[in-house]
Amino acid sequence: MTITETQLPDIYRQIIDEQLATFSQRRSISDWNSIPDTSQIPLDNQSHWLKIPDVISVFVDMKGSTKLSATTADRDTAGAYQLFTGTAVRLFHEFEASYIDVRGDGVFGLFNRDEPHRALAAAVSFKTFSSLEFAGRVKKLTGVDVGCHVGIDQKTVLVRKIGLRSVGGRTDRQNEVWAGKPINMSAKLASLSADDEVLASERYFRRLTHPCATMSCGCPDGQRKALWTEKTLINDDRFDFTAAYSLKSKWCATHGAAFCATLMEADTVPRGKCVGE
Ligand SMILES: [Zn+2]
């Protein structure tokens, strides 16, 4: 079945035909070791894609955002979105995410395969902000219970820019398109997570080798505990893995900053000592 001449005006059918011609071309894929700078992601030559192995995606989205109204509480709703999204983008930037984008009321940051601890430090920092600063302020202002959902996954992605180069100075007609599992899976894990819970895929969780990423600081009773608990996803066909790991804790008020700094070093110094050891 194809679209007939009397089914859709010529001008629109032409566009579809051009895209179908691109689809039937042979595609070329270049392998990259790490996430390229956005300016290096191709837009021209529509059949060319970049492939990057084991990219880590940290996805945060706002719990309760559908209850915030742009009609009746416009100023407060605007403020909540700005505080949540603006902080996520700026924190991910400071944690040196290689790529950051906003999707609806969510933000995702991409990290290279050898940066699992940096990705975790970013996720826990944002979660700490959400639970100690964001949720209470927005609740006081709007009466709405908000919070954050966080998902993390890691797998190979393909990327290129898709869209129009420039139409009358408009910049909204193109964007980077990330094909592959980790962005979608991290978004789905986020949607499944409870308030202030980080849900990570098993394949990402296995990359966390540093004890500061897996064991608590021991507060308040001096007992160091495992930070993550396993959740089965065996009967959930939205995922291409069968287990996720759940992290409920935020940065400790006493040791958080030191843990964060240690995790930032952990990707270059794989099995260092943990804070307090
Ligand atoms: Zn502590």
Side-chain angles (χ1 to χ4, degrees), residues 56-63 83-84 86-97 107 109 111 114-140 145-154 186 189-190 192-231 243-277:
I56 299 165
S57 171
V58 178
F59 199 106
V60 299
D61 69 16
M62 200 198 309
K63 178 204 160 219
L83 182 56
F84 189 91
T87 306
V89 170
R90 283 168 177 78
L91 274 181
F92 284 170
H93 175 72
E94 204 56 41
F95 280 96
E96 295 175 36
V107 177
F111 296 85
D114 53 357
E115 299 173 329
H117 299 89
R118 180 180 293 267
L120 180 63
V124 175
S125 296
F126 187 77
K127 177 178 174 336
T128 303
F129 152 76
S130 173
S131 94
L132 295 184
E133 308 284 0
F134 173 71
R137 277 180 175 76
V138 175
K139 170 85 178 176
K140 203 173 159 193
D145 283 309
V146 293
C148 78
H149 299 292
V150 187
I152 311 179
D153 186 29
Q154 176 165 23
S186 60
L189 283 167
L192 193 69
S193 71
D195 186 21
D196 288 336
E197 179 187 32
V198 177
L199 261 189
S201 65
E202 184 171 27
R203 57 194 173 211
Y204 163 76
F205 175 75
R206 298 281 172 226
R207 308 293 285 266
L208 298 174
T209 53
H210 197 285
C212 277
T214 54
M215 297 296 290
S216 77
C217 54
C219 291
D221 57 2
Q223 298 289 315
R224 298 193 67 198
K225 296 186 197 79
L227 289 169
W228 299 78
T229 52
E230 191 181 332
K231 266 193 178 174
Y245 284 78
S246 158
L247 175 75
K248 293 271 175 69
S249 51
K250 52 184 178 286
W251 290 131
C252 166
T254 308
H255 301 104
F259 261 57
C260 183
T262 303
L263 288 184
M264 291 303 282
E265 298 287 315
D267 292 322
T268 42
V269 190
R271 288 181 184 268
K273 283 205 163 183
C274 198
V275 182
E277 276 183 26

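One-based numbering, in listed order, for ligands and for the atoms of each.
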Quick one: do Asp196 and Lys248 satisfy salt bridge (Lys or Arg N to Asp or Glu O under 4.0 Å)? Show the steps, please.
CA-CA 7 Å; Asp196 288 336; Lys248 293 271 175 69; over 6 Å; no

Do the side chains of Phe95 and Met264 get nearer than 4.5 Å, heavy atoms only?
yes

Ring-plane angle category for Tyr245 and Phe205, please: parallel below 30°, perpendicular beyond 60°, tilted otherwise.
parallel

Identify which protein N/O/S atoms are less than 2.8 Å from the Zn ion (ligand 1).
Cys217 SG, Cys219 SG, Cys252 SG, His255 ND1

Over 60° means perpendicular and under 30° means parallel, so tell me whether Phe92 and Phe126 are parallel, tilted or perpendicular.
tilted

Among His117, His210, Arg207, the one residue meeting side chain to side chain contact (heavy atoms under 4.5 Å, CB included) with Asp267:
His117

Taking it one step at a time, do Ile152 and Ser186 satisfy side chain to side chain contact (heavy atoms under 4.5 Å, CB included)?
CA-CA 5 Å; Ile152 311 179; Ser186 60; 5.6 Å; no

